[in-house]
Number of protein chains: 2
Amino acid sequence: MFLSTSHNKIDLKCRVSIPASYRLNLEKESSPLILFKSLQFKCIEGTTANRMQQYIDAIDQLNALSDEAAVLRMMMADAFEMKFDSGGRVIIPETLMDFSGLTDKAVFMGIGESFYIWSPSEYQIQYDYSQQILKEKGPPKLILSKSNLLKDVSNE
Amino acid sequence: MFLSTSHNKIDLKCRVSIPASYRLNLEKESSPLILFKSLQFKCIEGTTANRMQQYIDAIDQLNALSDEAAVLRMMMADAFEMKFDSGGRVIIPETLMDFSGLTDKAVFMGIGESFYIWSPSEYQIQYDYSQQILKEKGPPKLILSKSNLLKDVSNE
DNA sequence: CATATTATAATGGGATATCATGGGTTTTTA
DNA sequence: TAAAAACCCATGATATCCCATTATAATATG
């Protein structure tokens with residue numbers, strides 16, 4: 001699992017340390033790290049090769065000629081397999097830096113199966129929004145059974 | 001299961017002993033310990049990795065842009081996988097210390113599938129509040145099904 | 001029944017390893 | 001042949017490990 005949040009520096013060579021716990025998780029899954037443009041937000045998403053395949057399969061299930069599928073394929077085309085240096089750093093590709101608005105600081109946000117890399121300002125927006133939702137609506141009412149089923153009863 | 005209450009000290013390195021019975025439970029489930037910010041209270045919640053995986057699986061079943069998904073992602077971002085030292089202690093991350101108002105003492109409160117870590121003062125507030133509700137409204141009505149689902153219907 | 005004995009749990013502190021970061025040097029490759 | 005990427009080593013801060021000590025609970029003993 002990718003969990004927790006950390007704020008790391010991006011140096012002049014566009015190098016950034018991937019949090020040790022994330023690297024450990026990749027090692028455990030014996031997977032390289034894949035970075036690509038988030039399909040939902042102005043940030044980079046990082047994940048395992050397996051998880052990436054899931055995304056690709058999901059796109060395949062859409063109408064191949066639809067605009068939606070075309071857009072998703074474009075996003076996926078900008079996916080990169082990363083190489084670590086001896087200190088656990090990667091060089092963030094320029095297209096991803098530009099897309100996510102990253103400059104000198106990166107916020108790593110673990111969300112389970114994958115993680116996001118935000119610019120500090122975009123991260124703050126996202127965080128504040130989530131906090132606001134939590135205040136207004138309260139915690140999501142999920143019933144977690146042993147069979148991993150999810151039932152949303154918020155409208156009942 | 002995580003049960004019973006205990007008061008342990010937090011030392012200058014932010015180390016705290018996790019109650020032996022909780023550790024035994026984790027060992028039985030052969031699961032690491034995950035700590036995260038409670039979505040409901042000003043306290044830390046601890047649980048098994050298995051339990052956390054259920055929440056992660058739940059995210060995939062929601063619309064990625066939904067409010068519920070945003071809150072659950074934030075929950076993952078504020079979660080940490082803990083490592084025990086030889087004495088059964090963990091180091092509480094600074095963000096969790098700040099969030100829950102912990103300083104030098106921690107109150108552990110087992111609630112079954114997970115447990116809470118309170119500052120003594122917050123614990124007292126919560127305890128008093130619960131006692132008051134119990135007096136005013138009487139015991140909550142619970143439906144315990146065979147499938148181990150728990151649904152609180154006290155507000156319905 | 002009170003007290004001694006033992007085992008287990010919780011705590012304290014210092015040595016060691018790891019992590020995030022900086023900067024230099026060599027090797028690609030465009 | 002420049003620019004970029006890969007490789008190398010150095011460093012301060014922090015987490016991890018290890019061993020010693022104190023406290024609490026569990027059992028036994030006079």
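The shown structure was predicted, so the numbers you read here are calculated from the model rather than taken from an experiment. In what follows, chains are A, B, ... by sequence order, proteins preceding strands, each numbered from 1.
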If we ignore angles and hydrogens, is there a donor and acceptor under 3.5 Å between the side chains of E122(B) and Q126(B)?
-> no

Residues 103-118 of chain A vs salt bridge (Lys or Arg N to Asp or Glu O under 4.0 Å), sequence neighbours excluded, gives none

Side-chain heavy-atom pair I125(B), K42(B) within 4.5 angstrom cut-off | no

Donor-acceptor under 3.5 Å (S17(A) side chain, G88(A) main chain) = no

Does some side-chain heavy atom of M52(A) sit less than 4.5 Å from a side-chain heavy atom of F36(A)?
-> yes

Remaining members of L12(A)'s ILVMFWY cluster at a side-chain heavy-atom cut-off under 4.5 Å?
-> none

The correct set of residues in residues 18-27 of chain A placing a heavy atom under 4.0 Å from DNA chain C is I18(A), P19(A), A20(A), R23(A)

What is the minimum heavy-atom distance between A79(B) and I34(B), and which atoms define it?
-> CB-CG2, 4.0 Å

Smallest separation among heavy atoms of G46(B) and S114(B), with atom names | O-CB, 3.0 Å

How would you list all residue pairs meeting salt bridge (Lys or Arg N to Asp or Glu O under 4.0 Å) that involve residues 76-88 of chain A, not counting sequence neighbours?
-> K37(A)-D78(A), D85(A)-R89(A)

In 5'-to-3' order, the base (B), backbone-only (S) or no-contact (-) status of each nucleotide in nucleotides 11-18 of chain D, using a 4.0 angstrom heavy-atom cut-off, is ----SBBB

Check every nucleotide of DNA chain C for an atom under 4.0 Å from a heavy-atom of chain B, then give the first and the last such nucleotide from 5' to 3'.
-> dA9(C) to dG14(C)

Strictly below 4.0 Å, heavy-atom distances to any atom of DNA chain D: list the hits from residues 2-10 of chain A, or just say none.
-> none

Mind checking what makes side-chain contact (heavy atoms from CB on, under 4.5 Å) contact with L65(B), not counting sequence neighbours?
-> Q40(A), F41(A), N63(B)

Do the ring planes of Y116(A) and W118(A) sit parallel (below 30°), tilted (30 to 60°) or perpendicular (above 60°)?
-> perpendicular

Would you check if there is a donor-acceptor pair between the side chains of Q54(A) and N50(A) at a distance under 3.5 Å?
-> no

What does the inter-axis angle of the helix from dC1(C)-dG30(D) to dA30(C)-dT1(D) come out as, five pairs per end, nearest 10 degrees?
-> 30°

Shared-cluster residues of M82(A), by chain and number - hydrophobic side chains joined below 4.5 Å = F2(A), I10(A), V16(A), I18(A), Y22(A), L26(A), L33(A), L35(A), I44(A), F80(A), F84(A), V90(A), I92(A), L96(A), M97(A), L102(A), F108(A), F115(A), I117(A)

Quick one: side-chain contact (heavy atoms from CB on, under 4.5 Å) partners of K13(B), sequence neighbours excluded?
-> D11(B), R15(B)

Got a sec, which pairs hit salt bridge (Lys or Arg N to Asp or Glu O under 4.0 Å) with one end in residues 44-73 of chain A, sequence neighbours left out?
-> R51(A)-D60(B)

